[in-house]
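Here's the structure we're looking at; comments come further down.
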2 protein chains.
Amino acid sequence: MSEQPGVVLAWRELAQRYHDASCALERELQERHGLGMSEFEVIDRLAGAAECQLRMQELGEQVHLSQSALSRAVARLERGGLVCRALCEQDRRGVFVTLTEEGRRRQEAARPTQRAVLTQILASG
Amino acid sequence: MSEQPGVVLAWRELAQRYHDASCALERELQERHGLGMSEFEVIDRLAGAAECQLRMQELGEQVHLSQSALSRAVARLERGGLVCRALCEQDRRGVFVTLTEEGRRRQEAARPTQRAVLTQILASG
DNA sequence: GTGCATTAGATGCATGCGCACATAGTTTCC
DNA sequence: GGAAACTATGTGCGCATGCATCTAATGCAC
């Protein structure tokens, strides 16, 4: 039963805060807007991009998802009509993901929820 | 394309740090010791407990896992011979989880890896 | 004691994830 | 210009997770 060094305590606190916040976010976004955390993060990043459009790869750099998880998250959003995919004509391997009108609405509707949850959880640390 | 308020930026940084650390931990613990992060966390908490023994419920309060995920993590560890389960005689609904000798060895072997990874990742933030 | 609410833990199920691999398009080098 | 290496993305698969639910044991009321 030795003393835990500072780095382990810091890690435990980091993990605690992350879990508190991500669980609260997941729950609230799901209940009030029918969005998972990953899905919201994708449309939130798109909403912050020029013309609400990004390449898959650029999205992948911003979002904490593996390439395959991102591919499926975008597929779910596309099925739901929140984004659409378009081939990139310059590099035909590439895919542009664009927020639809509906996607933009949903993102704007969900954003206050995200901020409220984060403010409440992260402030109480 | 509005400015992100501080709380969102704080959240993104928190998530980034958590992901960096948890991915590195997961990878190193798996490669060098055949342990998942959840599994290591369970045996690490047990190693820090009196007589290396805790009730499932106490374990659940310390570990960031749902009750069902914990139940399965302990089941995996039991199959691997790192912990054993024992009925609690006072309250026969309860289950004591105890670290075995082998479990203790594995935890002690993996602890330096955990600390090294955390030191490296958390320091570089 | 008998019945009912509560608690501890396990399990069926659906889902999202990462890994490895497949596919298609592009660049490089000769 | 053709083969080989590289890049961007999608997909099969196995696994861990959370939710809801199940079972067993305890406690409480009467």
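We use all heavy atoms of the structure for the numbers below, so side chains are in, but hydrogens, waters and symmetry mates are not. Throughout, protein chains are lettered first and strands after them, A, B, ... in sequence-line order, and every chain is numbered starting at 1.
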> Should A:Glu102 and A:Arg105 count as an ion pair when the cut-off is N to O under 4.0 Å?
Replying inline: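 A salt bridge links A:Glu102 with A:Arg105.
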
> Is B:Arg27 salt-bridged to B:Glu31, going by a charged N under 4.0 Å from an acidic O?
Replying inline: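 Looking at B:Glu31 together with B:Arg27, the answer is no, because their closest N to O distance does not fall below 4.0 Å.
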
>> According to salt bridge (charged side-chain N to carboxylate O under 4.0 Å, His left out), who are the partners of B:Glu78, at least two apart in sequence or on a separate chain?
In response: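 Partners of B:Glu78 by the salt bridge (charged side-chain N to carboxylate O under 4.0 Å, His left out) criterion, ordered by chain and then number, come out as B:Arg85.
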
>> Restricting to salt bridge (charged side-chain N to carboxylate O under 4.0 Å, His left out), what partner residues turn up for B:Arg92, sequence neighbours left out?
In response: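 Listed in chain order: nothing, the list is empty.
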
> Between atom CG in A:Leu54 and atom C1' in D:dA8, what is the gap in whole Å?
Replying inline: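 Distance check: A:Leu54 CG to D:dA8 C1' gives 15 Å.
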
> For B:Ala69, what residues pass the side-chain contact (heavy atoms from CB on, under 4.5 Å) criterion, not counting sequence neighbours?
Replying inline: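 For B:Ala69 the side-chain contact (heavy atoms from CB on, under 4.5 Å) partners, ignoring immediate neighbours, are B:Leu65, B:Ser66.
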
> So, do A:His19 and B:Tyr18 have ring centers that fall under 6.0 Å from each other?
Replying inline: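 So the answer is yes for these two rings.
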
>> Treating primed atoms plus P, OP1 and OP2 as sugar-phosphate and everything else as base, which nucleotides of nucleotides 16-26 of chain D get B, S or - for protein heavy atoms under 4.0 Å?
In response: SBBB-----BS

>> What range of DNA chain C does chain B touch, first nucleotide to last, counting atoms under 4.0 Å from its heavy atoms?
In response: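 Endpoints of the contacted stretch of DNA chain C: C:dT7 to C:dC13.
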
Got a list of side-chain donor-acceptor pairs under 3.5 Å for residues 36-48 of chain A, not counting sequence neighbours?
residue : atom : partner  : partner atom : Å
A:Glu39 : OE1  : A:Gly36  : N            : 3.3
A:Glu39 : OE2  : A:Arg76  : NE           : 3.4
A:Asp44 : OD1  : A:Gln107 : NE2          : 2.8
A:Asp44 : OD2  : B:Arg12  : NH2          : 3.2
A:Arg45 : NH1  : A:Gln62  : OE1          : 3.4
A:Arg45 : NH2  : A:Gln62  : O            : 3.4

>> Is there a continuous path of hydrophobic side-chain contacts, each under 4.5 Å between heavy atoms, that joins B:Phe96 to B:Val74?
In response: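 Unlinked, B:Phe96 and B:Val74 end up in two clusters.
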
> Just checking B:Arg85: base, sugar-phosphate only, or nothing, at a heavy-atom cut-off of under 4.0 Å?
Replying inline: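 Sugar-phosphate: the residue B:Arg85, judged by heavy atoms under 4.0 Å, touches backbone atoms but no base.
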
